[in-house]
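In what follows, chains are A, B, ... by sequence order, proteins preceding strands, each numbered from 1.
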2 protein chains.
Amino acid sequence: MSQPDEQAEDGTARIIEDTVLGGLIGYRLKRAYMLIQPRAHAVLAEEGLRVASFSCLSIIIDNPGIVQSELSDALQIERSNLVVVIDELEQRGLISRKRVPTDRRRYALTATLRGRHMRDRLTKKTHLAEEVIFGRLNQEERAQFLHLLERLEGRPAR
Amino acid sequence: MSQPDEQAEDGTARIIEDTVLGGLIGYRLKRAYMLIQPRAHAVLAEEGLRVASFSCLSIIIDNPGIVQSELSDALQIERSNLVVVIDELEQRGLISRKRVPTDRRRYALTATLRGRHMRDRLTKKTHLAEEVIFGRLNQEERAQFLHLLERLEGRPAR
DNA sequence: TATTGTTATACTCTATAACTATA
DNA sequence: TATAGTTATAGAGTATAACAATA
């Protein structure tokens, strides 16, 4: 997987030079993300869930009664695109929705027992899948990395 | 931008709990990437280029004579999807292609002067755009972060 | 008037299969 | 037979506009 042994005209592998791209954090983040994402995708697909569905399920479990517009904000998914995900989770019996009595425009979302079990199982499998890549870092580096990602998201230095 | 002030039923902002997602590196990488990507996208769009086009242009400049299948490997873009990008770069006069005499199936790609100027200009603007986010880290943290990204991509520890 | 959930739609990215010309 | 570039196409994911119900 990903061996750089493309044949150049003389039959030797070409070493790719790069003076710019590797210095761009967006490019580097994308490459790292693309290492992880397909593995998470595959694990979740085994249970018929997409990544977005798993994310929604997880946030609903951690925030019982959350409504779609709040979920939309939290996960940065367009309200309109959330609809199909929520429908899917409900039809599979992983969450349920009921109208908020004080504001009948909104639906309070809660996970079912089945949904909670699904998340717990998939959390373990996803962590295992990520381990193939994240395991390249030792414990100190992992903590550093997650800390730096938090800093990038705007959390102030410790 | 991204203030978490969604109104809960009682009129106070809901604090979103998260016991699982934040511990998944894929989720965290995606969030960081989504902070950077739209900014790079916007800068490149000002010159009518997409991110993939800029990446290709840059690798072609650094590797004159590279052919499409090598570029495809280097950037992990499907050969078929590269075609439109290369066409675009050529039509805009940023690169040129000529058949490789020793293997007439292949086209050697090289950047024009105009292409090199375009890259130089866009490299500066992209770095500036990324700075809004990456600037949240100090110099030592930046070096650490890029180093850890390299480690994730499989480069052995120093 | 504004907001929530919804529908319809379009656009970009990405993936796959099959073709051609060359090797 | 295999490979490079190409075409066509389909599937995700994402973004926007407009609507009904409710506030």
OP1, OP2 of D:dA21 versus side-chain N and O of A:R106: anything below 4.0 Å?
no
Choose from D:dA23, C:dA23, C:dC13 the nucleotide whose nearest atom is closest to any side-chain atom of A:D103.
D:dA23
Send over the distance from B:Q37 CD to D:dT14 P, rounded to a whole Å.
11 Å
Whole-Å distance, A:L49 CG to D:dA12 P, equals 14 Å
Once hydrogens and angles are ignored, does a donor-acceptor distance under 3.5 Å link the base of C:dA15 to the side chain of B:N81?
yes
How long is the line joining CZ of B:R104 and P of D:dT6, in whole Å?
14 Å
Do we see a donor-acceptor contact under 3.5 Å between the side chains of B:E88 and B:S53?
yes
I'd like to know if A:E47 pairs up with A:R121 as an ion pair, taking the criterion as any Lys NZ or Arg NE/NH1/NH2 lying under 4.0 Å from an Asp or Glu carboxylate oxygen.
yes
Hey, which sits more toward the 5' end of DNA chain D by its nearest nucleotide, B:R97 or B:M34?
B:R97
Between D:dA15 (P) and A:L82 (CG): distance, integer Å
13 Å
Salt bridge flag under 4.0 Å for residues A:R79 and A:D73:
no
Tell me the bend of the helix from C:dT1-D:dA23 to C:dA23-D:dT1 as the angle between end helix axes, each from five pairs, rounded to the nearest 10 degrees.
0°
Specify the separation, in whole Å, of atom NE2 of B:H41 and atom C1' of D:dA15.
12 Å
Does A:R142 count as lying over the ring of A:F134, i.e. NZ or CZ under 6.0 Å from the six-ring centre, within 45 degrees of the axis?
yes
For the residue pair B:Q76 and A:R31, confirm or rule out a side-chain donor-acceptor distance under 3.5 Å.
yes
With B:E150 via side chain to side chain donor-acceptor pair (under 3.5 Å) - residues at least two apart:
B:R155
What is the separation between atom CD on A:Q68 and atom P on C:dT3, rounded to the nearest whole Å?
17 Å
Could you pick out which residue, B:R79 or B:R105, lies toward the 5' side of DNA chain C when each is mapped onto its nearest nucleotide?
B:R79
Below 3.5 Å, does any donor atom in the side chain of A:S80 face an acceptor in the base of D:dT16, or the other way round?
yes
Would you kindly give the CD-to-P distance between B:E78 and D:dA12, to the nearest whole Å?
16 Å
Less than 4.5 Å apart, any side-chain heavy atom of B:I16 and any of B:R14?
yes
DNA chain C nearest-nucleotide lookup for A:K30 and B:R99: closer to the 5′ end is A:K30
Rounded to the Å, how far apart are B:D73 CG and D:dT3 C1'?
13 Å
